[in-house]
Amino acid sequence: MKTLARRIGFYVIALWAAVSLNFLIPRLMPGNPVDIMLSKLAQHGPVTPATRHSIELLLGADSSQSLWSQYVDYLGQLLHGDLGISVSQYPTSVSTVIGQTLPWTIGLIGISTVISFVLGVGLGTFAGWKRGSWLDNLIPVTTMFQSIPYFWLALILLYLFGSVWMISPLNGGYDVYTTSPGLNPAFIGSVISHGILPAATIVISSIGGWMLGMRNMMVSTLAEDYIVTAEAKGLRAGRIMRTYAARNAVLPSVAGFAISLGFVVAGSIVTEAVFSYPGIGSALLNAVNANDYALMQGIFLVITLSVLGANLLVDLLYAVIDPRTRQRG
């Protein structure tokens with residue numbers, strides 16, 4: 001319990017530091033969201049000082065308040081779940097924009113990350129167990145795909161399967177002309193068909209790293225004395241591979257998977273940009289282009305929470321997978 005409390009305390013401090021930086025960085029950047037909003041309103045007529053003050057209050061950038069007062073107000077808004085108003089999609093709230101885009105990213109990037117991890121670790125286990133086999137010799141090919149620039153691989157797949165062979169949609173999350181969002185077969189089928197190509201890009205570009213890491217850890221683990229002892233006892237090869245070798249070799253991969261899982265919420269900006277996918281990565285890119293600081297802050301906060309939560313989950317999971325970690329503290 002003492003170790004658990006210490007870890008949770010560390011993550012609470014890390015969360016506070018991240019929230020503080022999330023507040024300060026946009027205010028240190030050039031540009032002002034209030035001026036951006038006023039420039040849009042000025043196209044329809046003169047803007048009075050009272051209107052400017054109202055917009056400052058709406059966007060949480062009251063020039064009459066000190067930075068400390070703004071910081072306290074910002075923390076109070078976060079505690080009430082108020083992330084502000086999006087300037088680029090005014091008057092939509094930041095929470096609404098994130099709520100509309102986050103499921104798309106979790107569905108695409110999350111499932112793709114899990115698939116690449118499971119396939120990579122599984123194939124890497126067999127490659128390390130059967131060194132010199134055809135599967136072991138396939139690893140350099142998979143790592144070659146990982147070294148290819150991410151956007152270039154996405155463009156190649158998009159050109160081949162979307163333009164040349166025309167077996168996959170070119171962009172979007174679903175067919176907006178023939179389907180409408182809802183739990184109906186037409187919409188679900190459209191979402192799957194639009195997500196196969198972006199998902200394949202993620203899996204192809206990341207599976208090689210999981211395979212190589214797991215394979216090398218398996219080779220190192222198989223040289224340990226307890227593996228030799230298990231073989232001398234006459235245990236079945238499958239049990240030795242799964243229970244003795246793979247369980248210990250997978251520990252570094254689990255830590256890497258947790259970090260990857262935390263960044264799932266960030267989405268893959270490149271993938272979503274190439275395929276015009278309506279995820280949170282595209283929302284972040286649009287927010288940067290429009291100087292929408294409130295939306296950027298909201299997205300960064302969600303990313304921070306997901307990364308810290310994933311790392312905390314791994315710390316707790318490590319205690320289950322590796323009993324030696326329970327003896328700390």
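Scope of the values below: all heavy atoms of this structure, side chains included, with no hydrogens, waters or symmetry mates. Computed from a prediction, not measured in an experiment: that's the story for all the values here.
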- Message: Please enumerate all residues that pass ring pair (Phe, Tyr, Trp, His ring centres under 6.0 Å) together with Trp129, with sequence neighbours excluded.
- Response: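 Trp129 satisfies ring pair (Phe, Tyr, Trp, His ring centres under 6.0 Å) with no residue once adjacent residues are dropped.
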
Could you give the distance from [atom1] ([X]) to [atom2] ([Y]), rounded to the nearest 0.5 Å?
X: Met211; Y: Ser253; atom1: CE; atom2: OG; value: 12.0 Å
X: Phe187; Y: Tyr174; atom1: CZ; atom2: OH; value: 6.0 Å
X: Lys233; Y: Arg239; atom1: NZ; atom2: CZ; value: 9.0 Å
X: Leu153; Y: Ile148; atom1: CG; atom2: CD1; value: 5.5 Å
X: Phe161; Y: Ile156; atom1: CZ; atom2: CD1; value: 11.0 Å
X: Thr96; Y: Ile85; atom1: OG1; atom2: CD1; value: 8.0 Å

Minimum heavy-atom separation for [X] to [Y], with atom names?
X: Ser86; Y: Val97; value: CB-CG2, 4.3 Å
X: Leu295; Y: Ala287; value: CD2-CB, 3.7 Å
X: Arg131; Y: Val219; value: CD-CG2, 3.5 Å
X: Thr304; Y: Ala18; value: CG2-CB, 3.3 Å
X: Thr125; Y: Met241; value: CG2-CG, 4.0 Å
X: Thr221; Y: Ala249; value: OG1-CB, 3.6 Å

If you group Ile, Leu, Val, Met, Phe, Trp and Tyr by side-chain heavy-atom gaps below 4.5 Å, do [X] and [Y] land in one group?
X: Leu24; Y: Leu305; value: yes
X: Leu119; Y: Phe117; value: yes
X: Ile202; Y: Val141; value: yes
X: Ile167; Y: Leu157; value: yes
X: Trp152; Y: Phe145; value: yes

- Trace of the side-chain contact (heavy atoms from CB on, under 4.5 Å) decision for Ile115 with Ile111: CA-CA 6 Å; Ile115 291 175; Ile111 294 176; 3.7 Å; yes

Counting only heavy atoms from other residues, nucleotides and ligands, does the tally under 6.0 Å from [atom1] of [X] exceed 12?
X: Phe126; atom1: CZ; value: no
X: Tyr11; atom1: OH; value: yes
X: Tyr159; atom1: OH; value: no
X: Tyr71; atom1: OH; value: yes

Would you find a donor on one side and an acceptor on the other, under 3.5 Å apart, between the side chain of [X] and the backbone of [Y]?
X: Thr101; Y: Ala283; answer: no
X: Thr113; Y: Ile109; answer: yes
X: Thr229; Y: Asp225; answer: yes
X: Ser116; Y: Ser206; answer: no
X: Thr243; Y: Ile240; answer: no

- Task: Check the pair Leu301, Leu78 against side-chain contact (heavy atoms from CB on, under 4.5 Å), reporting the backbone distance first and the verdict last.
- Result: CA-CA 10 Å; Leu301 179 62; Leu78 288 184; 3.6 Å; yes

- Item | Salt-bridge contact Asp136-Arg215 (side-chain N to carboxylate O under 4.0 Å) |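 Between Arg215 and Asp136 there is a salt bridge, with a charged N closer than 4.0 Å to a carboxylate O.
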
What I'd like to find out is whether the side chain of [X] reaches to under 4.5 Å of the side chain of [Y], using heavy atoms alone.
X: Trp210; Y: Leu123; result: no
X: Val114; Y: Val118; result: yes
X: Met217; Y: Val250; result: no
X: Leu235; Y: Tyr244; result: yes

- Show the numbers, then the answer: is there a side-chain contact (heavy atoms from CB on, under 4.5 Å) between Leu135 and Leu138? CA-CA 5 Å; Leu135 185 59; Leu138 187 65; 4.3 Å; yes

- Query: Do Phe275 and Thr201 pass the side-chain contact (heavy atoms from CB on, under 4.5 Å) test, and can you show the C-alpha distance, the side-chain angles, and the key distance before you say yes or no?
  - Reply: CA-CA 11 Å; Phe275 294 98; Thr201 305; 3.7 Å; yes

- Side chains of Ser193 and Ser190: do they bring a donor and an acceptor to under 3.5 Å?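 Per modelled atom types, Ser193 and Ser190 side chains form no pair under 3.5 Å.
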
- Query: Would you call the rings of Tyr74 and Phe23 parallel, tilted or perpendicular, where under 30° means parallel and over 60° means perpendicular?
  - Reply: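 Plane angle between 30° and 60°, so tilted.
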
